[in-house]
Amino acid sequence: MAADGIAHVSSSRTHVPRLGVLWCPHWPVVAAGPSAAGAGEPVAVLHANRVVAHSSAAAADGIAVGQRRRDAQARCPSVRIEQHDPARDARVFEQVVHAVAAMVPRVEVTEPGTLTFMSRGPSRYFGGDAAMAARVAQLATDTITPQRSLAAVGSLGIGVADGRFAAGIAARRAARLSAPVVIEPGQQATADFLAPLPVRLLTVVAGVAPEFVHLLDRLGVHHLGSLAALPEADVLARFGPLGVFAHRIAAGGDHRLPGTHDPPAGLQVQRVFDQPVHHSDALVFVARQLAEELVGVLAAGGRVCTRLVVTAETEHGEQSERVWYRSTGLSAAAMVERVRWQLDAWAQHDSITAGVALLRLDPVEVRSDEGVQLGLWGGRTQADEWAVRAVARLAAVAGEQQVLVPAAQGGRQPHDAYAWVPAVTADLLEPAERLAVPATPWPGRLPSPSPAVVHRPLRPVSVLDLTGTTVKVTGRGVVSASPAAVQLPDGALEPVESWAGPWPVEERWWDAARHRRLARFQVLTRSGRLLLLTVERGQWWLAAEYC
Amino acid sequence: MSSRVTNLAELAGSGLLTGAAAQQRTMPVLPAFAELLPQAVVQRGSVVECAGSAAVSLALALAAGPSLAGAWVGVAGLPEMGVAAAVELGVVPERLVMVAEPAQRFNDAQWADVLAAMIDGFDVVLLGPGAHVVRAGTARRLAARLHARGAVIVTVEGATPGPFGADLRFEATGAAWQGLGDGHGVAGGRRAHVQLSGRRVPRPRRAELWLPTADGLVEAATSFSDTSTASPFNTPSFKDPAAVAWQPTG
């Protein structure tokens, strides 16, 4: 009963804003740019060895998001692989944002490839939702096409509907139909539009945890309509606040999480520079301090920022203002990342005539932090706080490119298993994605133990047999003679105690330019050093040492 | 007499006898080091030097215990550290940070700033031979900071002696790799004599360690049980990479 009362009050008080969403499918592919092969070329963008985006041609060959690189290449050997680069995605998308922002006010970048704007004003100006959507779509497509091509992924979509969720789905449908999709206003019309759609969209569009959606599926709630038909009080009792959120958006209600509200004035943080700053690195460093300050103030009140306006101004009054949104809340690291995207794009797109004199972070939407983004065990310790601060300090002292953290990438060679990436580009406190190790080991990888010292680049050595001639390995893996001595890079000649190998590796045999064939040996010298050597085209290399 | 018994009981109740108070001033290391370090802990604020043929593995294994207990590990002067080996030994990659020297090298003042920031931020600071260029005076100031902050420095001995005066010195000697033959087999573990000496160690202590075992772990080697668990000869045919190597996929 009490729950009914609350639901009634909240639904009467909050009106659902009418939003336009512009969505480009597989934006990382568009941002990666076209190649000589044209739009029909299969392209896949990978992050941490998993496909995050792919072109239509790749989809036709069976490549899907979430696949491992090997699976993708097995389905389509000719696929062009691009590495995921969120900064590039944001930079290229900024052109679209810039163009659309000239037409409609207060454009909000949800993520590179998706932007959201209030549709009411522009629709009235351009004569209706459909006319406005068509103009925005045309404008965005024209902005992209000179340098990049949308042909590889189809077309972008614009959806107009009540609420972020329905508008997001409408935009996806519009991309499929290559024409804007407008849903009639009103909660009933929105609910009717959503009712026959699968609950899976809660994860895809609204970012609800996949476990929750699987649970709904197992319970027999397959469609948004069946979820909306459940009594809200029962949903709250069974699934908690997250369930109520899903229930509300499925019924065409407000997309904001319960507990979301506009913050009191005066929460914004800003820094005015007496000496205008010309380097984006220095600005990002200041942004980090501002973001930490802001997150600290919000956290003290148990809140988290979901919508943030970042403003930068030069001495000459040039201004860059963007709205950033993240349904789970923006951490300090996420804020800094977005400031960096915005500044990079601004500096590249507009010719700024002076240094930056003001930087401001303004939270325009906050909600109570219910730990949606942090799991029960994801608690931070004092040691973590200190370490994150130390990394920021080290980046300032030693340079951002010099402070590194490991990222799993997988591979056959010892140096392939992990790569070092700059710590400032990584989320230190949520490293799960960065360190996700492929579920199955690489075939042909040497068994543990792994070498404690890995030489990169490889260092040339020579391996001699008893007669003093260099040992050769044939293409079939036959060794010309037993290795008797190794001449190390420092010139020392070490007699060989025992050895094993060759273990051949043949990589990318389908690609003549990148094809590699090499053989690996373990060699134990008489002084007790165990070396990992490779031989490729007759040249021996010291790859690693087990010291 | 009875009062003394009561006192002991009180002490036990307050945790002084069980070492609960002492544990806050120490960091846990892996149980494999229990034979060398009483209660398998290392004092906060100390400098630990690793030397000998297994110095890098030894340093990584020493950093693994605190890392598993939640500490962050910062590495400097050791750009060629193998992350896979560190992870196998127990270092948690989520809490691992490396400071790489730029091509034009750090000068002494930069090293001082870098190491000070690392000591402030990370509980374990692992320094390779590259960091041994620090001057003795700088090293003394950093050691004072280390004491105040309660972190631990683990150094890997290089060609020249390092500037940090070591409180504890581990030396791996007589390391013997198992499993390699004349053109067959695969390296499956190393048995090393590890000797611990230092200022607060009146008599050097010795232990036999698998550093690493065939699975990349560190374990105490005892002459009776090692054939069952830590032997590299467990399943040689399964471990042979040649059996799985020739699969031409990307």
Side-chain angles (χ1 to χ4, degrees), chain A residues 69-70 73-74 381 383-384 386-391 393-394 397-399 401-406 408 414-415 417-418 420 423 431 435 443-456 479 482 497-501 503-509 522 524 527-530 544 546-547, chain B residues 53-57 60 70-72 74 80-88 93-102 106 110 113-114 117-118 120-123 174-177 179-190 212-216 239 241-242 244-250:
Chain A
R69 173 200 288 259
R70 291 177 48 228
Q73 286 178 329
T381 65
D384 293 346
W386 280 339
V388 170
R389 235 170 279 165
V391 166
R393 170 105 187 95
L394 283 168
V397 172
Q401 298 302 317
Q402 310 309 128
V403 186
L404 309 169
V405 290
H415 56 79
Y418 288 90
W420 291 104
L435 291 165
R445 192 180 156 270
L446 286 179
S448 60
S450 299
V453 167
V454 175
H455 293 293
R456 198 81 187 130
V479 186
S482 283
E497 178 76 29
S498 55
W499 60 282
W503 299 300
V505 179
E506 183 150 15
E507 289 184 321
R508 305 186 196 97
W509 46 267
Q522 280 180 336
L524 181 64
S527 58
R529 294 171 72 177
L530 179 61
Y546 298 74
C547 65
Chain B
S53 53
V56 178
S57 296
L60 293 174
W72 284 66
E80 301 183 314
M81 185 191 93
V83 184
V87 171
E88 284 170 3
E94 283 86 345
R95 292 191 288 272
L96 179 64
V97 178
M98 152 90 74
V99 179
E101 241 185 315
F106 291 141
Q110 281 171 314
D113 284 349
V114 165
M118 290 178 83
D120 285 351
F122 308 129
D123 282 325
W177 280 96
L180 276 185
D182 189 18
H184 56 85
V186 64
R190 167 171 53 184
T213 66
D215 299 322
K239 300 281 291 185
V244 288
W246 194 260
Q247 294 196 9
T249 47

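Proteins get letters first, then strands, A, B, ... in listed order; numbering begins at 1 in each.
Both the backbone and the side chain of B/D113 come within contact range of chain A, each with at least one heavy atom under 4.5 Å from a heavy atom of that chain. If you measure heavy-atom distances from B/P212 to chain A, the contacts under 4.5 Å come from the side chain alone. For A/R389, no part sits under 4.5 Å from any heavy atom of chain B, backbone or side chain. For a residue to count as touching a neighbouring chain, one of its non-hydrogen atoms must lie under 4.5 Å from one of that chain's; by this rule B/E88 touches chain A with the side chain only. A/W420 touches chain B through its side chain: at least one heavy atom from C-beta onward sits under 4.5 Å away, while N, CA, C and O do not. For a residue to count as touching a neighbouring chain, one of its non-hydrogen atoms must lie under 4.5 Å from one of that chain's; by this rule B/A84 touches chain A with backbone and side chain alike.
When the candidates B/G181, B/G216, B/A117, B/A55 are compared by the number of heavy-atom contacts under 4.5 Å with chain A, B/G181 comes out ahead. Among B/A54, B/P93, B/G174, the residue making the largest number of heavy-atom pairs under 4.5 Å with chain A is B/P93. Most heavy-atom pairs under 4.5 Å with chain B: of the set A/P431, A/A74, A/G528, this distinction falls to A/P431. The residue among A/A398, A/G399, A/A423, A/A417 with the most heavy atom pairs within less than 4.5 Å of chain B is A/A398. Ranking A/V403, A/V388, A/V453, A/V405 against chain B, the residue ahead of the rest is A/V453, based on heavy-atom pairs under 4.5 Å.
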Could you walk me through whether A/R393 and B/D120 pass the side-chain contact (heavy atoms from CB on, under 4.5 Å) test, one step at a time? CA-CA 10 Å; A/R393 170 105 187 95; B/D120 285 351; over 6 Å; no
Taking it one step at a time, do A/L394 and B/F122 satisfy side-chain contact (heavy atoms from CB on, under 4.5 Å)? CA-CA 11 Å; A/L394 283 168; B/F122 308 129; 3.7 Å; yes
Going through the distances and angles, do A/D384 and B/W72 end up as a side-chain contact (heavy atoms from CB on, under 4.5 Å)? CA-CA 7 Å; A/D384 293 346; B/W72 284 66; 2.6 Å; yes
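Side-chain atoms of B/R95 never come within 3.5 Å of backbone atoms of A/A387 as a donor-acceptor pair (strictly under, hydrogens ignored). The backbone N or O of B/G183 sits nowhere less than 3.5 Å from a side-chain atom of A/S498 that would complete a donor-acceptor pair.
Take B/E80 and apply the side chain to side chain donor-acceptor pair (under 3.5 Å) test, not counting sequence neighbours, and it matches A/H455. When the side chain to side chain donor-acceptor pair (under 3.5 Å) test is applied to B/S53, no partner is found at least two apart in sequence or on another chain.
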